[in-house]
Structure formats: structure tokens, C-alpha cells
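Before any comments, here is the structure.
Numbered from 1 within each chain, the chains take letters A, B, ... in sequence-line order.
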Amino acid sequence: MPLFVSNTLSGLKEEFVPLEPGRAGLYTCGPTVYNFIHIGNLRTFLWEDVLRRHLEFSGYAVTHVMNITDVDDKTIRDSAKEGISLRAFTERFTEYFFEDIRTLRVKPAHHYPRATDFIPQMVEIIRKLTERGFTYTSEDGSVYFRIAAFPGYGRLAKLDLEGIKPGARVATDEYEKEDVRDFALWKAEGDGPVAWDTPIGRGRPGWHIECSAMSSHYLGETFDLHTGAVDNIFPHHENEIAQSECASGKPFVKYWLHAEHLIVDGEKMAKSKGNFYTLRDLLEKGHAPLAIRYLLISVPYKKKLNFTFAGLEGAYQAVDRLSNFIARLNGLVESGADGGADILPQIKSFKEGFRAGLDNDLNTAEAIGALFSFIREVNPLLESNSLSALNAGLALQALREADAVLDLFPPAPKLQEEALPLIKEREVMRKAKRWAEADAIRTQLSEMGVILEDTAQGTRWRKKI
RNA sequence: GGCGACGUACCCAAGUGGCUAAGGGAGAGGUCUGCAAAACCUCCAUUCAGCGGUUCGAAUCCGCUCGUCGCCUCCA
């Protein structure tokens with residue numbers, strides 16, 4: 001079954017057909033590294049991770065590029081505030097960014113280009129645009145893109161250009177522009193501290209030009225997929241299209257995909273509202289990375305995700321349930337039991353349901369629904385000891401395949417050295433019916449992150465996720 | 001003002017014309033159990049914001065009303 005995605009450009013759900021069979025070029029808008037990323041950023045990055053993984057799962061050779069925006073008003077402002085170089089400042093937050101996405105198991109992109117490493121390529125695009133008459137230079141030497149010269153402008157954001165007129169909400173103090181709708185390709189900096197000397201003068205790039213330069217560098221002038229959150233549609237992506245298409249004379253991107261925002265308790269997340277969370281905030285409160293990952297990918301990207309702590313608790317329970325299921329299957333495989341029910345039909349329907357969900361515009365809710373339906377079907381068989389090791393192994397294999405996309409499997413269970421003697425000691429206490437001592441040890445282990453479950457087949461341990 | 005998304009149980013959420021409205025969490029009762037945990041069984045929306053309409057048939061299509069959220073120059 002083919003993959004369908006919602007293309008912002010057409011406003012329709014379209015079948016994904018790559019420019020080159022078997023390959024997919026994916027450019028995802030990355031962070032501006034002036035602070036820790038927040039859970040809204042993560043929602044988008046995690047959805048992009050699911051997209052990339054599902055493309056790979058579907059057999060495409062994916063080239064994934066994510067930019068690191070390391071020069072803009074905020075990075076310049078905050079590095080100056082700290083009195084350190086822009087590079088030192090942005091490198092620190094870039095490292096934090098990598099740590100955070102690693103914590104949430106986001107598969108690394110193949111390339112993470114930094115804007116400041118691509119100044120010559122940006123200048124080249126601006127030069128081309130100038131050659132073709134799409135730019136003008138203001139008195140101070142800044143270069144602007146002339147929107148009036150590009151008839152396709154506003155197509156992505158479905159903007160009524162007549163609606164954006166001087167006055168209204170647009171600041172009119174930028175008198176050097178011919179038209180307020182025009183945007184800066186190059187900002188002249190004179191003797192400012194953050195500037196590059198280039199053939200088009202001393203200055204720094206405008207915001208949008210980096211993505212045009214870096215995407216075409218790695219993926220070509222026309223590529224398959226470009227993603228971001230809905231707020232990127234305008235002006236960022238609209239302007240990228242204008243720059244790239246006017247410079248190359250070719251269509252820029254085939255599929256534009258945009259994630260809806262995460263909101264908190266039904267409201268827009270904002271520092272001023274006190275409902276603003278970074279990943280680090282949640283980890284400090286003791287929330288498990290896997291629960292966060294689950295929660296943020298469980299709502300399909302086209303829907304706003306309402307983040308609540310109750311929801312995060314629920315996500316933890318769900319992941320725990322999956323983890324427990326996997327542990328039981330593993331136990332059964334190790335036992336080597338034979339005979340019992342054949343669950344091939346259940347496995348088949350799980351695989352099909354899971355895949356159909358993801359193929360349907362990355363409907364993770366549908367896919368995860370198929371996963372838990374499968375768990376509900378198999379658990380009774382585990383309970384009644386009517387499943388063979390062979391079938392348990394097949395079930396695990398199917399789960400692992402699905403996990404190539406979700407990546408929600410619990411970390412490989414590894415018991416601390418000091419835990420095993422405690423578990424054995426507790427067994428002795430239990431046999432002697434010295435319950436108080438046995439329970440004390442169980443509590444102690446629980447504090448170490450080891451959960452014990454006494455079953456008819458003996459005591460089972462698993463790690464807290 | 002322009003453009004757009006959305007309103008399904010206590011919470012999250014799938015479903016986009018036709019079997020008994022997925023799934024997760026929470027909750028209630030039961031089985032198992034030294035207790036706990038896990039698991040299992042049962043219950044938990046005659047109904048999909050409201051009102052009309054189209055249709056043999058609608059949560060799904062159309063219209064209106066109410067409500068929520070977002071974008072409209074640098075916020076993922």
C-alpha cells in the first residue's frame with residue numbers, strides 16, 4: 001500500500017511518489033540554537049523522526065538533512081549578552097540540542113549543516129537572484145527580495161497578497177524597502193561584530209536564505225520532502241520557495257508537510273503563561289523519556305497535541321504495558337515451550353493495521369491502536385500458558401519490525417550487580433514466609449528501579465522504564 | 001477583516017456514507033495472589049457541540065448557530 005501525505009502546497013492528501021524511485025530527499029527545519037528546545041519543538045522533531053523512519057521502513061533510501069540555525073537576531077543578542085563569541089554560544093546549545101534528541105531516541109539526520117558554514121553558497125544564490133532581477137539593494141547595502149517579481153508568491157500559505165498592505169499589522173518603519181512584503185536576503189552590518197565580508201558586501205544572511213542554500217547543496221535544486229511546524233509556512237517556507245525557485249528556475253519541493261502545534265492544557269504554550277516546558281523540565285520532574293516520546297508521537301501530526309501531565313502519566317502506563325508484554329514474550333522464548341495456539345493470523349492483522357495506519361498520512365494513533373489490539377489478543381494466551389516459544393518469537397519479531405518506526409522498546413534489561421543477590425535473598429525469605437523482610441527487599445529493589453513480580457513460574461524481575 | 005484547523009465517553013484519541021463507534025489512560029466489580037505487581041474477565045458513548053437538510057442509510061456530505069485554537073514578516 002502506498003504512503004499518503006498531506007501536502008500543504010495542494011491542501012490535499014497525496015500519494016508519495018519520489019522524484020527518483022526508491023529514494024527520498026528529506027529536509028526538516030531544525031532549531032535556532034539560542035536556548036534549550038521545548039516540548040513543542042520536540043513534537044515536531046519526533047514526528048519528523050517517525051516520517052523518516054517510516055520512509056525507511058517502506059524501503060526508501062532516505063537522505064535526511066536538518067539545518068542548525070546559528071546566526072539570527074536572538075543568537076547574536078544572547079551571545080553578546082554573555083560576552084562570548086557567536087560560535088561558542090551556538091555550539092553550546094547545539095550540543096544540548098543533540099543531547100535532547102538523543103534522549104528521545106530521534107534518529108540522527110545524515111547532515112546537520114550550520115548556517116554560518118554556508119555563507120558562500122547563500123551569497124551565490126543571492127548573486128543569481130540579482131542577476132535575474134529579483135533583488136534590489138537598499139541604501140545601507142542590505143539586499144531584499146522583490147516579491148512583486150515572483151507571481152507564485154503566496155501559493156503555499158494561500159495568502160491574499162492584497163490583504164497584506166502597508167499599515168495594519170505590518171511595521172512601516174522599514175522605509176528602505178520598496179514594498180513591506182519584501183524580505184531581507186542579506187543584512188548589511190557595517191562594522192557590526194557578526195558579519196562576513198563577501199562579494200555582495202559586509203553583512204549577514206537573512207533568515208530564509210540558509211535553508212535554500214543548504215537544502216539544494218545536499219538534496220538538489222528540486223527535492224521530495226520539506227517539513228516543519230505550521231508556523232513555518234509563512235513567512236519562512238513561502239520565502240524559501242520564492243528564493244529557490246527564482247534562483248534555479250525549477251520547482252523547489254514536491255511535498256510540503258507541516259505539523260500542528262503542541263498546546264498545553266488547551267492553551268498556547270508560552271513563557272508568560274507559565275506553561276512552557278523544555279525536555280529538561282520534564283526529566284527533572286522524573287518523567288521517563290520513553291513516556292515523553294510515546295505521548296508526543298501518539299497524536300497524528302496534523303492534529304494539535306494537547307499536552308497535560310495526566311496525559312503524560314497515561315503515556316507512561318501505555319509504554320509500561322508494552323514493556324511488560326515484551327518481557328513476557330521474551331520469557332516465553334527463553335523457556336522453549338512448545339505446542340499451543342498459532343497466532344499467525346493475529347500477527348498478520350497487527351502488521352497490516354500498523355502499516356495501514358502509518359501509510360495513512362502517518363496516522364500514529366491508528367498504528368498504535370493496532371499494536372495494542374494485538375497485545376490484548378495475545379495476553380490471554382500468555383496468561384493461560386497456551387503459546388509456544390516459537391509463536392512468542394514470531395510475535396516479538398513483528399513487534400521489533402514495528403519498533404523500527406516507533407522506537408518504544410524498553411532499554412535492554414540489565415540488572416545491577418547488587419540486585420541479583422537481593423532477589424535471591426528475598427526468595428529465601430519468601431520460602432520461610434518471612435514476609436516483612438521479603439517486602440523490605442522488594443521495596444529496596446524498587447527504589448533501585450527493579451520491579452519484582454511473583455508468578456506461578458517464579459519471581460520475575462523487570463526494570464522500571 | 002482575510003486564511004485555516006477543530007469540537008467523538010471522566011481525560012487523550014481512531015474513525016471521513018453502510019458489520020455491535022478502534023485503541024490508551026483513569027474508574028468500578030471479579031479471578032489469581034502471603035501481600036504487592038502484572039495479567040485476565042466483566043462494566044464504562046443507542047451516541048459523535050447544537051439545529052436543520054441531502055440520502056434507503058451520516059459522527060462521516062451540505063447549510064446555519066454556538067464554542068475552541070492557530071496563522072496573516074522572522075514563534076517548531
Side-chain angles (χ1 to χ4, degrees), chain A residues 8 11 13 28-32 37-48 69 72-74 154 157-160 162-164 168-171 174 177 180-184 206-208 227-236 238-239 258-263 266-270 294-295 298-300 302-308 310-322 324-325 327-328 353 357 360 363-376 379-384 430 433-436 438-439 442-443 446 451-456 459-460 462:
Chain A
T8 307
K13 211 185 269 191
T28 59
C29 271
T32 300
I37 54 173
H38 56 69
I39 56 175
N41 296 314
L42 281 169
R43 193 268 166 115
T44 300
F45 296 151
L46 282 167
W47 154 65
E48 289 163 343
T69 299
D72 81 318
D73 292 347
K74 281 180 289 232
K158 304 189 172 37
L159 279 187
D160 173 14
E162 295 307 304
I164 311 176
R169 289 196 47 185
V170 181
E174 300 186 74
K177 290 199 222 170
V180 286
R181 305 170 308 178
D182 293 342
F183 57 92
W207 174 34
H208 320 292
T227 70
V230 286
D231 57 271
N232 282 147
I233 296 171
F234 191 85
H236 186 50
E238 192 67 59
N239 291 352
H258 293 97
E260 255 301 344
H261 277 162
L262 172 150
I263 55 179
E267 288 190 308
K268 183 175 181 174
M269 182 168 74
Y294 177 92
L295 178 65
S298 66
V299 178
K302 292 288 289 176
K303 264 195 96 145
K304 277 188 268 289
L305 190 160
N306 187 14
F307 177 90
T308 64
L312 188 51
E313 283 302 321
Y316 176 82
Q317 292 304 328
V319 174
D320 192 41
R321 183 169 172 171
L322 171 66
N324 198 54
F325 181 63
R328 288 185 82 175
N360 178 21
N363 190 334
T364 44
E366 191 185 334
I368 290 170
L371 169 64
F372 280 99
S373 295
F374 180 61
I375 294 177
R376 272 162 72 103
N379 258 330
L381 300 173
L382 284 168
E383 190 67 14
S384 59
R430 286 189 71 222
K433 297 197 189 297
R434 291 167 66 176
W435 307 123
D439 290 352
R442 185 168 62 196
T443 305
S446 165
I451 298 166
L452 295 185
E453 287 162 12
D454 301 322
T455 73
T459 297
R460 192 166 71 200
R462 63 193 173 95

Review point. Can you find an N or O donor on one side and an acceptor on the other, under 3.5 Å apart, linking the side chain of A:Asn239 with the base of B:C74?
Key: no

Review point. Hey, does the side chain of A:Asn379 come within less than 4.0 Å of B:C40's phosphate (OP1/OP2), counting only N and O?
Key: yes

**Study point:** Whole-Å distance separating the CZ atom of A:Phe183 from the C1' atom of B:C74
**Key:** 11 Å

Review point. In B/S/- notation, 5' to 3', how is nucleotides 5-16 of chain B contacted by protein heavy atoms closer than 4.0 Å?
Key: -------SSSS-

Point to revise | Any residue meeting salt bridge (Lys or Arg N to Asp or Glu O under 4.0 Å) with A:Asp72, in chain and number order, not counting sequence neighbours | key: none

Study note, to complete from the structure: When rounded to whole Å, the CD1 to C1' distance for the pair A:Ile375 and B:A39 reads 12 Å

Exercise for review: With sequence neighbours left out, write down each residue that passes ring pair (Phe, Tyr, Trp, His ring centres under 6.0 Å) with A:His258, or none if nothing qualifies.
Suggested key: A:His237

Check your understanding: Do A:Asp439 and B:G34 share a donor-acceptor pair, side chain to base, under 3.5 Å?
Key -> yes

Study note, to complete from the structure: Taken in chain and number order and not counting sequence neighbours, the residues that satisfy side-chain hydrogen bond (donor to acceptor under 3.5 Å, both in side chains) with A:Thr32 are none

Review point. Reckon A:Gly314 touches a base, only the sugar-phosphate, or nothing at all at heavy-atom distances under 4.0 Å?
Key: sugar-phosphate

Revision key, fill the gap. A:His261 meets the ring pair (Phe, Tyr, Trp, His ring centres under 6.0 Å) criterion, sequence neighbours left out, with none

Point to revise | Interatomic distance, A:Leu312 CG vs B:A26 P [rounded to whole Å] | key: 13 Å

Review point. Just to confirm, is there a sub-4.0 Å distance from OP1 or OP2 of B:G25 to any side-chain nitrogen or oxygen of A:Arg321?
Key: yes

Exercise for review: Return no unless some side-chain N or O of A:Arg376 is found under 4.0 Å from OP1 or OP2 of B:G24.
Suggested key: yes

Exercise for review: Would you tell me whether A:Lys13 and A:Asn360 have side-chain atoms, one donor and one acceptor, within less than 3.5 Å of each other?
Suggested key: yes

Review point. What pairs with A:Phe183 under ring pair (Phe, Tyr, Trp, His ring centres under 6.0 Å), at least two apart in sequence or on another chain?
Key: A:Phe145, A:His208

Check your understanding: Has the side chain of A:Arg43 got a donor or acceptor that lies under 3.5 Å from a partner of the other kind on the base of B:A76?
Key -> no

Check your understanding: Between atom NE2 in A:His208 and atom P in B:U73, what is the gap in whole Å?
Key -> 11 Å

